[in-house]
A.B. asks: 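To start, I am sharing the structure in question, which I have written as C-alpha cells.
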Amino acid sequence: MKIVIDGIETAASPGEMLLEVARRLGVRIPTLCYHEAFGGQGVCRLCLVEVTAGEVSRLVASCTYPVTGEIEVRTTTPEIERIRRHIIMLLHRRAPGSEFIQELYREYGCQENVPAPDPDERCIMCRLCVNACEAVGACAITAVDRGTDKRIDTPYGEASPDCIGCCACAEVCPTKAIGVSRAAGHYTIWNREFELERCAGCGRPFTSRPCQERIARLSGQELSGAQLCPECRKKQAGSRVALSMIP
Amino acid sequence: MAIEPQQAAAQRPMEQIVRRYPPEQRYLLAIMQDLQKEFNYLPREALGLTAAHVRVPLGKVYSMATFYKAFSLTPRGRVSLRACDGTACHIKRSQVIIDELRKCLGIQPGETTADGEFSLETVNCLGACAIAPVLVANHKVHAKVTAAAVREIIKSYGGRVDEPVGN
Amino acid sequence: MSQLATENTSNGRTILVCCGTGCQASGSLEVLASLRGLLAGEAGTAVRASTKSTGCNGLCEKGPLVKILPDDITYCQVAAEDVPDIVDGLRDGTPVQRLLYRDPVTRQRYRSHRETSFYKKQHKIALRNIGEIDPGDIRDYLDRGGYRALRTALSMTPAQVIGEVLASGLRGRGGGGFPTGRKWQSCAAADNAPRYVICNGDEGDPGAFMDRSIMEGDPHTVLEGMIICAHAVGASSGFIYVRDEYDLAVVNLHQAIRDARAAGFLGDRILGSDLSFDIEIVRGGGAFVCGEETALIASIEGHPGEPRDKYVFPAVKGLWGRPTVINNVETWANVPVIIDGGAAGFAEIGTAGSKGTKVFSLVGKVVSTGLVEVPMGATLREIVFDIGGGVPRGRSFKAVQTGGPSGGCIPGSLLDLAVDFDSLAAAGSMMGSGGLIVMDDRTCMVEVARYYVNFLAGESCGKCTPCREGISLLLETLTGITGGRGSIADLDLLESLSATVRAASLCALGRTAPNPVLSTLKYFRDEYLAHICDHRCPAGVCRELTEFYIDAGLCTGCGLCRRKCPAEAVSGEKKQPHAIDAARCIRCGECINNCRFQAVRIR
C-alpha cells in the first residue's frame, strides 16, 4: 500500500512497522530503544511521528506502529521536536553520567537545568540489554521493580547462575552503563566472575567457558576442547579457503 | 547452593503449592499468590521452584515478584497492618494515622518490626472510602481510625505501646 | 446458610443485614450472628422473620445497615446490643426510633431509606439488586429476573445482540467511555478464534469502590453480562480479573460461578443452546496499571503488567494474541438490563452522548458518603449537595475531584456542569471509573496534585520514558512547591512537561497522569502562587508553609483544641482565649478540624 513520509511517496506491506519503512526510504527518525535484531519496543518514545489517516492526526511510536492503511506521516513537527527535547532532557536528568546522553543533550539544545538524583547513573532503561540477554537464551537480567524505581538487574542483585558472561548486554548498551571489569585472566559482569578462556591459536584470552558452550549449543555443535578466538577463526577459515583454491 | 536439611523440609509444602497448578506461565501469578499467602513472603527457594515448574527463567519470576505489590521478598510480620492512603483516606488525614503507626511500631512503611510481630504497609485504596480513614489488620477492616484507635489496635494484637508523653 | 435463610420468606419477614466490606468493618457480622441467635428461639416464631446477608448498600458510612421487609424499615449504625430492641420492635409493630436513618440535611428521621434525600434522586440500574439480595444465593438473583436476559439473548442472533448493545449507546464505565457495542462488533468480526471475554475488576482508582460493591453484592449480573457477550462475539472462555485486595468479592464470585455452572448458565451447551462458555477468576497482583487493558492482558498471561502500544485493539489482538472483549464490572452489570428491557428504554436515560446511569462513589468532605447511581447528565451540584448533603462542619466547598489519578479537580464555578463522559473531559477531567471526591477549604490543591503524581510515581509500570521520568520530575517539582522551595519557573516547567507526558506516553496511565496537575494549575493557580510567592499554604495543609493561630476574639476557651493537640502546643485557662505555641506545633490540624467556633486560623 501507498504511504507518504515527509512528502515522499513509498510502498509498504501491510503490518510492516512504520520505522522500518522510513529507514528503508532513508528518512532518519531518532531512536534509542530500537535494534534491528529485536524489533520495536515503544519504550524510549523518541521515534514518535505524526500519522494522518483521513481527517485524524495523532502521534504514534513509529517502531511499534504497523502500517495498515494509506497514511501520511510527518517525522518532525514543532510538537515532536519539543517532545524529543524533553525526552532527552529527562534522560539526561536520569543518566547524567553517560557521555552519549550528554552529547544528545547538547545536540537537542536542551536548556532546563534540573538537578539529577544520581550524577553517576548511565542507564536510560532502553532495555536493549534485556533483549540481548533473552536472545542468547540466558535471561539473567530483567526489569526489576516498577514506577520511577524501575531498574535492570539480576535476581536479588547477585551473580546469576543463568549469566554466561557473553557480554552481549554491555555490547548493545548505547550508554555504556553495564560495567565489565577485567583483571588478569578474569572478568566480572553483573557481579559474576568468569575465567577467561585462552584462544587455542594465538593464546589470547577471549571469552568464558559458559559462553562458548552456549554458542556451540545455539549453532548445534558439540564443544570440542580447543576454541579459537573470532580473529583466529577468521584466519583459519581464510586459509582453508586459500588452501582449497590451490589446484 | 547446598540445601540444608531444614530447607529441604520447608521445600515440601512449597512444592505442594506449586504443583497445584499446571506448568504454564499463566499460572505464575496464582502460584506466587498462594506462596505469599502460605509463607507471608516469597522465599527464595519458592521462586526457584516456581520458575522450574512453569519453565521460565528465574529472572522472569523475580521481575514479577518485584512488580506486583501483593508480593514481598522479605518475611512480613505475624500481624500485617495496612494503612489506606487512598484519596478519600488521604484527605481525611490518613497521614496522621501513618505517622502514629510509625511512631508506635518504630518502623517505616514496608518494614517489619525486629521481633517479626508487626509489618506496616501503606496501600492505595481498599475501596472502603465511605468509612475513611481505614486501617486493615490481618484482613480485619477498622473504620474511621484515629491516632488513639491505632494504639488500641496495636495493643489488641499483643503489641506494646508507650503512652504518649507529648513532645 | 443461604438455604436456611430463605426458607420461610414467603409468609414471614426478611431481615437484610448488609455485609459489604464497609458494614463488616463496623461489625455487621456480629449483628447478623446476634439476630440469628435470637431468632432461633421463641422470638423467631413470634416475629416470623428470617435473616439474609446482602452486599454493599453503598451507604457504608451509616453501617451496619439492617433492612426489614415487607415492613420497609431501615436501621443504621446497628450494634449487636441493639438486636433485642429491633426484635421487640417487630413484636409490637413500632420501629426503634433511635436507629432510624436521620437525614443529615433535614435532620428528620425516616422509617425507610427510600424516603431520604440520599436515595430519592438516585436511579438504580447497575446497582439494582445490591442490598436487596443475598449475593450467595442464586435464587435471589433469579427471583428478581436474573438470567432472563440470557434466555432472551440466546433466542437472538449474535448480530442482533450486538445491535441492541450498539443501539443502547452504552459506553465503557471504566475510564475512557469507548462504545461497548463497537468493541463487541470488532471482536466478533476478527478472525483468529478462540475469542475471549474479560471482566476488568481491577478497580484501582483510589476513592472509587462501585466495582467492589457490584462484585460483592450482585456477582451474577457480571456473569450474565459476560455470558451474553460470549454469545454475541462467539467466545469460549472468560476471565474475571479481580483486585487482590477485594477478598469478599473473590469469595462471592467463586460461589456465583459454581452456582451458575450447576444451574446450566455456564459450561457446555448453555441452556441447551450451541453456546459453550466458562469463566475463571484471576486475582490481580496489586498494580494500578493493570486496569489498563493491555497491562491486564499481560498480567493474565503471566507477565509483569506492562502495557503495549494499542495501535491494534485488544478486540482484534488481545489475550494470547486472540480477539478479546474487555469491559469493566459496571459495564457488564448494565448489559442484562439492556437485553432484558430493550435498548430503547435504556437510551432514553442520560444525555445525547452518554446513555444510562453512572455510579459514583461520593466520598471525601461530604455529609453523606457512599455509592450514588444517577442518570448521566445529573449536575455536580445535585450529586454533591442534594444527594450528598454538601460539605460537613460548616466548611466551604472548594472542588470535586473526578476520575481518580487520571482525572482532574473541578472548581465550584462548574458545579452546574451536567456530568457525562464528554462534559468532564471538556472541563479537563474525566469520568474515569466514577470516583467523586469532595474537597473543602481545608484541602490544599497543590498537595492534591502532588498526592496524585506521587501515587502514579509508584504505580507507573516504568516502561516508557515520558511517564517514568516525566512523573519523577513532576513529583520533584511539586514536592518542592509544597515544601516551600518553589519558583515561578516551576509553573512553566510543570505546564510544558505535562504536555509532553500527555502526548508521548505509551498508555493511558501516562497520558492522563498530568491531568491532576493541569487542572489544579488551571483552576487553582492562586494556591500555587501563594505557596511560591507568599510562602503560605492557604488550606493549612503543607507543614512547612503553615502556621496556625487562635483568634482570641472568637475563642471561647472550651479547651477542645488543647485536649486534641497531640503535641501539647495549645495552652490556655478554661473559658479564656487559648494560644498555640508555633515552636511546639506539628501542624497536624487537629485543633482547626475540631474547633466549633472557627477560632483556629491559618496565618
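Just so we're on the same page: letters track the sequence lines, and every chain starts at 1. Please read all numbers here as calculations on a predicted model, not as lab measurements.
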A.B. asks: At a 4.5 Å cut-off on heavy atoms, which part of A:D145 comes close to chain B: side chain, backbone, both, or neither?
C.D. replies: both
A.B. asks: For B:E100, is there an ion pair with B:K103 - N to carboxylate O distance below 4.0 angstrom?
C.D. replies: yes
A.B. asks: When you measure from the side chain of A:R45 to the backbone N and O of A:I87, does any donor-acceptor pair fall under 3.5 Å?
C.D. replies: no
A.B. asks: Between the main-chain N or O of A:E16 and the side-chain N or O of A:S13, is there a donor-acceptor pair closer than 3.5 Å?
C.D. replies: no
A.B. asks: Does anything in residues 55-65 of chain B reach chain A? List residues with heavy atoms under 4.5 Å apart, or say none.
C.D. replies: B:P57, B:L58, B:G59, B:K60, B:Y62, B:S63
A.B. asks: In terms of heavy-atom contacts, does CD of A:E171 have more than 12 from other residues, nucleotides or ligands at under 6.0 Å?
C.D. replies: no
A.B. asks: Can any side-chain N or O of A:R94 pair as donor or acceptor with the backbone N or O of A:C123 at less than 3.5 Å?
C.D. replies: yes
A.B. asks: For each of A:P155, A:S160, A:C139, tally heavy-atom pairs with chain B at distances under 4.5 Å, and name the one with the top tally.
C.D. replies: A:P155
A.B. asks: Do the non-hydrogen side-chain atoms of A:C167 and A:Y187 ever get within less than 4.5 Å of each other?
C.D. replies: yes
A.B. asks: Answer yes when B:K69 and B:E121 have at least one side-chain N-carboxylate O distance shorter than 4.0 Å, and no when they do not.
C.D. replies: no
